[in-house]
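One structure is given here, and the rest of the page talks about it.
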Amino acid sequence: MALITKAPRGTQDFVPAESAKMRYIEGVLMKIAEKYGFGEIRTPSFEHTELFVRSVGDTTDVVQKEMYTFEDKKGRSITLKPEGTAGAVRAAMEHGLLAEALPLKLSYITPCFRYEKAQAGRYREFHQFGVELLGAQSSAADAEVIGLVNQCLTTLGVESIRLFINSIGCPNCRPGYQKALREYYQAHYDDLCPTCKDRLERNPLRLLDCKEEKCHALAEHAPVILDYLCEECQQHFDTLKARLDSMGIPYEVDPYIVRGLDYYTKTVFEFKTETIGAQGTVCGGGRYDGLVEMLGGQKQPAVGFGMGLERLALVMEACGALLPEQPRCDICLVPLGEKASVYCSALIQRLREEGFAAESDLMGRSLKAQLKYANKIAARYTMVIGDAELEAGSARLKDMDSGAEAEVAFARLAAELTSREADRLCQGIAQTGPDVAGLLKE
RNA sequence: GUGGGUAUAGCGUAGUUGGUUAACGCGUCAGUUUGUGGCACUGAAGAUCGUGGGUUCGAAUCCCACUAUCCACCCCA
């Protein structure tokens, strides 16, 4: 019942060790997006509820039962964003970004909120890395976006993750397919599970996704959307496959991929893994040519994806992807006595101004305890400074890995160290060189 | 929303025919002679045994409820 010491259900804290991983992952992702020409867009954590109803679709589970919706004090209906696309597109339209030179390329990392029962890889607050490419109708845009994901995964050392693609057609050809699908399932109506009976009217595409044994068996002989694509959609899909082939990106066509958000058209894709439990979709996306128009703008083709950072981190852990080593503390000053402590306050400030990662005692610990602490934080060097050192104006810099020591005039560190000398000391520290004293001599 | 598992120090665990001061490892802190770390040894701090009820002379242990958490369905990133 001690609620105040527990984060709300489905949320999680990122303690320093965890948040360091996330920062690394986010850095890699955004860096690659930048190379692909995507500029970061930051949009609010909440939007008018209507935005999501219109874009994500009012028959979808996300909108019907998973949104954090509330009224603000003036009675407006507000919703915490359940995904990233709607907000990014809204902002692009609001600021006239689509009137500039196209294509418009936007990227973001944002928290998302969905009221679902938490389980492995599924949280009520999670973080999405996403990209939106607006204005380009060519399958080259689809290929570029998929290529971006592919490069992100490769760079992060992710394995055991596969790409599945499909086309769900466009407003021209999808109705014909839905009709065929309804007719097929109608003939087997009695064999359907209750939820599927319900889905048959609302969104027949979903039936293909059902895992109930009977429904799943039926799906195997159901009409396949790919047989119903109009010429334009077919060509789009064919050229996309050709591009992925030429890019050397492996993929599998999965005619059963049905995305849960209404705005998708033509290309849909998922990057899935089986290594992190039931929630194995790490990245999902596709083309949404109708969205801008749905939001009241001029029709504008677009393609994008969302990638779950928590799931990504889980996959990386599962496949043993290497994370970069944490930068270690360069030097730990060890003052003995009040006088030295005061002096070290100044010295350490100087060292930090020069760019060193420097630590000193804040706990009033003994010499031995301070050195143990230095060891614990993996300090590369220590320097004990007591009355004798203050008197002499120099102390021994000790290499904590080798145990080697070198006499250094620390007064110079504090007061006279030029930035050039600091650079050299930095280099020396970086190289684990034992002859640190030499580095400071002209 | 539906099902199943779990709940003992910061972390990981032990602890059933119910029985005196709840154990162990890691971690934290201190010490092993006074100004030099890692190893080892010694010691200390730290647990309302998830919460609330019930059974009993006596409950971490048995029963009920609640809560949290995990896994799966569902859905999706």
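Throughout, a chain's letter reflects where its sequence line sits, starting with A, and its residues are numbered from 1.
- For the P atoms, the distance from B/C63 to B/A7 is 13 Å, rounded to whole Å.
- If you measure from atom CE of A/M400 to atom P of B/U36, you get 13 Å, rounded to the nearest angstrom.
- Under a cutoff of 6.0 Å and an axis angle of 45°, A/K105 and A/Y36 do not form a cation-pi pair.
- Nearest nucleotide to the A/K117 side chain, out of B/U2, B/G35, B/G31: B/U2.
- B/A9 sits 11 Å from B/A45 when the C1' atoms are compared, rounded to a whole Å.
- In this structure, A/E83 reaches neither bases nor backbone, as no heavy-atom distance under 4.0 Å exists between it and the strands shown.
- Regarding A/N375, its CG atom lies at a distance of 12 Å from the P atom of B/C29, rounded to whole Å.
- The side chain of A/R9 lies closest to B/U69 when the candidates are B/U36, B/G3, B/U69.
- The residue among A/L371 and A/G306 whose nearest nucleotide of RNA chain B lies closer to the 5′ end is A/L371.
- You'll find that the side chain of A/L367 is closest to B/U36, out of B/U36, B/A72, B/G37.
- Base engagement by A/Q279 is indicated by at least one non-hydrogen atom pair under 4.0 Å involving a base atom.
- When heavy atoms are screened at a 4.0 angstrom cut-off, A/A388 is found touching base atoms of the nucleic acid.
- Between A/K398 atom NZ and B/G38 atom C1' there is a gap of 10 Å when expressed in whole angstrom units.
- Nucleotide B/U42 forms a pair with B/A30, judged by Watson-Crick or G-U wobble geometry with both contacts under 3.5 Å.
- The CG-C1' distance, from A/L314 to B/A77, rounds to 11 Å in whole Å.
- Taking atom CG of residue A/D387 and atom C1' of nucleotide B/G35, one finds them 11 Å apart after rounding to whole Å.
- To the nearest whole angstrom, the two C1' atoms, one in B/G50 and one in B/G5, are 16 Å apart.
- Across all strands, A/G121 comes closer than 4.0 Å to base atoms (heavy-atom distances).
- Under the 3.5 Å distance criterion, with hydrogens and angles disregarded, a donor-acceptor pair is assigned to the side chains of A/T43 and A/K81.
- Nucleotide B/G1 forms a Watson-Crick or G-U wobble pair with B/C73, both donor-acceptor distances falling under 3.5 Å.
- Separating the P atom of B/C62 from that of B/A40 is a span of 38 Å, rounded to the nearest Å.
- Across all strands, A/E125 comes closer than 4.0 Å to no nucleic acid atom at all (heavy-atom distances).
- Spacing between B/A47 and B/G10 at atom C1', rounded to whole Å, works out to 11 Å.
- Distance noted for atom C1' between B/C57 and B/G18: 12 Å (whole Å).
- Regarding contacts with the backbone of B/C70, every side-chain N or O of A/Q119 stays at 4.0 angstrom or more from both OP1 and OP2.
- Counting non-hydrogen atoms under 4.0 angstrom, A/Y373 reaches nothing in the nucleic acid.
- The same atom, C1', is picked in B/G37 and in B/C70; the two are 41 Å apart, to the nearest Å.
- Across all strands shown, B/A65 pairs with B/U51; the Watson-Crick or G-U wobble distances both stay below 3.5 Å.
- Between the A/T69 side chain and the A/T79 main chain, no donor and acceptor come within less than 3.5 Å of each other.
- A distance of about 25 Å separates the C1' atoms of B/C26 and B/U21, rounded to the whole Å.
- Contacts of A/V282 with the nucleic acid, taken as non-hydrogen atoms under 4.0 Å apart, involve only primed sugar atoms and P, OP1 or OP2.
- Residue order along RNA chain B, read from the 5' end via each residue's closest nucleotide, puts A/A120 first among A/E310 and A/A120.
- At the heavy-atom level, A/G403 lies under 4.0 Å from base atoms of the strands shown.
- Protein atom CD1 of A/I276 is 11 Å distant from nucleotide atom P of B/C71, rounded to whole Å.
- Here the P atom of nucleotide B/A68 and the CG atom of A/D13 are 16 Å apart, to the nearest Å.
- In a base pair of the Watson-Crick type (N1 to N3 plus N6-O4 or O6-N4) or a G-U wobble (N1-O2 and O6-N3), with each distance short of 3.5 Å, B/U36 is matched with no nucleotide.
- Shortest non-hydrogen contact noted between A/F237 and A/N166 is CE1-C, 3.6 Å.
- Closest to the side chain of A/R396, out of B/A30, B/U36, B/G37, is B/U36.
- Nearest nucleotide to the A/K368 side chain, out of B/U36, B/G37, B/C74: B/G37.
- A salt bridge between A/R23 and A/E26 is absent, with no side-chain N of the basic residue lying under 4.0 Å from a carboxylate O of the acidic one.
- Comparing B/G31, B/G37, B/G1 by their nearest atom to the side chain of A/R122 picks out B/G1.
- The A/E389 side chain lies nearest to B/G35 when the options are B/G35, B/G37, B/G3.
- Side-chain atoms of A/E389 do not come within 3.5 Å of backbone N or O of A/S394 as any donor-acceptor pair.
- For A/D61, whose side chain is taken as the heavy atoms from C-beta onward, the closest listed nucleotide among B/C74, B/C29, B/G35 is B/C74.
- A 3.5 Å limit on both hydrogen-bonding distances identifies B/U13 as the Watson-Crick or G-U partner of B/A23.
- The nearest whole Å value for the distance from the CD atom in A/E116 to the P atom in B/C73 is 13 Å.
- Classification of the A/H188-A/Y184 ring pair by plane angle, with boundaries at 30° and 60°, yields tilted.
- The closest donor-acceptor contact from the side chain of A/D399 to the backbone of A/A404 lies at 3.5 Å or more, if one exists at all.
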